[in-house]
Protein chains: 2
Amino acid sequence: MARTIGSHSGTTRPRIRAAALRLFARHGYAAVSMRKIAAEVGVQAGALYNYTPDKQSLLVDLMQGHMRDLLAAWNDVPQGETPLDALEAFTRFHIRFHSGRPDEVFVSYMELRNLEPENFAVIEGLRRDYEEQLETIIRQGIATGDFVATEPKVTSMAVIAMLTGVNTWFRQDGRLSLDDVEALYWEMVRKAVAA
Amino acid sequence: MARTIGSHSGTTRPRIRAAALRLFARHGYAAVSMRKIAAEVGVQAGALYNYTPDKQSLLVDLMQGHMRDLLAAWNDVPQGETPLDALEAFTRFHIRFHSGRPDEVFVSYMELRNLEPENFAVIEGLRRDYEEQLETIIRQGIATGDFVATEPKVTSMAVIAMLTGVNTWFRQDGRLSLDDVEALYWEMVRKAVAA
DNA sequence: CTTTTAAATGAACAAATGTTCAGTTAAAAG
DNA sequence: CTTTTAACTGAACATTTGTTCATTTAAAAG
């Protein structure tokens with residue numbers, strides 16, 4: 001059999017993406033076979049190669065898409081007037097964006113070592129771009145005297161690590177709302193860099 | 001051939017552990033075969049089974065050993081008089097301990113999903129034990145009025161995430177010494193929970 | 001209805017996987 | 001020197017791996 005009833009052209013590609021993302025996040029890139037992805041989509045393994053040249057490209061596309069989405073979304077956020085406003089905007093944006101995409105975040109963070117060198121360089125570059133957004137805010141706050149930080153780069157890394165950590169415990173249906181969490185973390189970030 | 005010249009009884013076991021740790025950290029548990037571990041030790045794959053019942057046990061032993069070492073080492077740290085002293089002790093200990101064992105930390109954090117459920121429960125329990133050490137300190141600081149934190153558990157998670165993040169960028173031969181880093185992070189932690 | 005074509009099958013490939021085990025070797029014990 | 005035994009080899013096993021491709025099917029175009 002081929003072209004089974006109900007197969008439409010536009011549907012399969014996103015379903016492959018979604019299945020790959022889900023499985024990579026749950027079990028890890030190396031532990032997931034093309035056959036398992038295909039089974040999740042309801043298709044034979046060979047069919048995947050109509051949509052991706054190989055397994056690695058599946059991973060790269062997911063990670064690159066995530067990093068591009070992240071940078072684009074941050075670009076759409078109003079930065080506010082002062083460095084303090086900008087830092088609050090970044091804090092709240094980072095938590096909200098990442099908590100809404102746990103699988104993408106997990107894969108993009110955990111599977112870096114499974115990227116071939118050239119692909120790694122691309123993703124790592126996008127990550128650095130994002131980190132520099134925060135570093136810039138912190139440097140501006142230091143310049144205006146709003147923040148105290150002797151090592152802005154270190155401070156950026158510390159803040160990002162803290163914020164990304166939300167994903168390890170936060171659940172949408174938990175006791176605390178996303179607004180609660182944003183407020184809690186913003187208070188800690190604010191105090192940590194306060195003059 | 002077997003029992004090649006220079007093979008001593010006590011040597012192979014730790015070398016297998018070291019090779020497995022190194023390779024798991026570099027490439028991930030699922031991507032590392034028993035043959036690759038054996039090759040790193042200079043032995044055939046079959047020989048590994050004189051020392052481990054299976055591949056999973058190799059991973060569990062590494063992770064369990066790491067968590068036990070962590071809890072034991074923290075137990076040996078003088079806690080100080082006040083909650084503030086205890087928090088500083090924890091902050092400095094966490095950074096120092098983790099930065100000295102990057103491979104163990106990486107594996108223990110990244111390979112949780114490759115543990116069979118019962119093994120996962122054990123490791124997760126040990127992790128919770130450690131996290132509760134910090135939570136207790138924070139609760140005591142709140143009780144004495146030294147700290148302000150409306151959600152002690154969240155604060156603990158935030159602080160630990162921030163501290164563990166050091167491992168993503170810190171290098172022993174970098175510009176900043178371990179003491180520098182400890183001081184930088186301690187200032188941020190102190191301010192973040194300050195009353 | 002007929003033709004075209006995109007989408008999927010299913011079998012095949014060599015290579016690699018975790019694990020077992022009978023046999024071999026060299027160190028330790030007597 | 002002889003015996004014992006722990007340590008290791010090397011081949012074998014059934015599965016699974018990523019990927020290719022000739023073939024088949026059903027939807028779209030005319």
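Computation of the quantities below employed the complete heavy-atom set of this structure, encompassing side-chain atoms and omitting hydrogens, waters and symmetry-equivalent molecules. Numbers restart at 1 for each chain; the letters A, B, ... are given by sequence-line order, proteins then strands.
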Closer than 3.5 angstrom, by distance alone: can the side chain of Q56(A) be matched with the main-chain N or O of E116(A) as a donor-acceptor pair? yes
Taking D180(A) for the side chain and S177(A) for the main chain, is one N or O donor matched with an acceptor at less than 3.5 Å? yes
Specify whether F90(A) and W74(A) have parallel, tilted or perpendicular ring planes, treating 30° as the upper limit for parallel and 60° as the lower limit for perpendicular. perpendicular
Linking I/L/V/M/F/W/Y whenever their side-chain heavy atoms sit closer than 4.5 Å, directly or via other members, would Y109(B) and L134(B) fall into one cluster? no
Can you measure Y51(A) atom OH to dT19(D) atom C1' for me and round it to whole angstrom units? 17 Å
Look at the side chain of N50(B) and decide which nucleotide, out of dC8(D), dT19(D), dA8(C), has an atom nearest to it. dC8(D)
What is the distance, to the nearest angstrom, from the CG atom on L48(B) to the C1' atom on dC21(C)? 15 Å
Side-chain N or O of Y49(A) closer than 4.0 Å to phosphate OP1/OP2 of dC21(D): no
Could you check which nucleotide pairs with dA16(C) in any of the strands shown, counting Watson-Crick or G-U wobble with both distances under 3.5 Å? dT15(D)
With no hydrogens and no angle check, is any side-chain donor or acceptor of T164(B) less than 3.5 Å from a backbone partner on A161(B)? no
Can you tell me the base-pairing partner of dG30(C)? Count Watson-Crick or G-U wobble geometry only, both distances below 3.5 Å, and say none if there is no partner. dC1(D)
Classify the ring geometry between Y130(B) and H98(B) as parallel (under 30°), tilted (30 to 60°) or perpendicular (over 60°). tilted
Q44(A) CD to dG18(D) C1': how many Å, rounded? 15 Å
Parallel, tilted or perpendicular: rings of F24(B) and Y29(B) (30°, 60°): perpendicular
List in chain and number order the residues that pass salt bridge (charged side-chain N to carboxylate O under 4.0 Å, His left out) with E131(B), two or more places apart in sequence or in another chain; answer none if no residue qualifies. K153(B)
Within residues 110-122 of chain B, those residues having any heavy atom closer than 4.0 Å to DNA chain D are none
In residues 27-38 of chain A, which ones come under 4.0 Å of DNA chain D, going by heavy atoms? V32(A), S33(A), M34(A), R35(A), K36(A)
Just by distance, do the side chain of K191(B) and the backbone of W186(B) share a donor-acceptor pair under 3.5 Å? no
Value in whole Å for how far the P atom of dA6(C) lies from CZ of R13(A): 13 Å
Can you tell me if T12(B) touches the phosphate of dC8(D), counting only side-chain N or O atoms and a distance under 4.0 Å to OP1 or OP2? yes
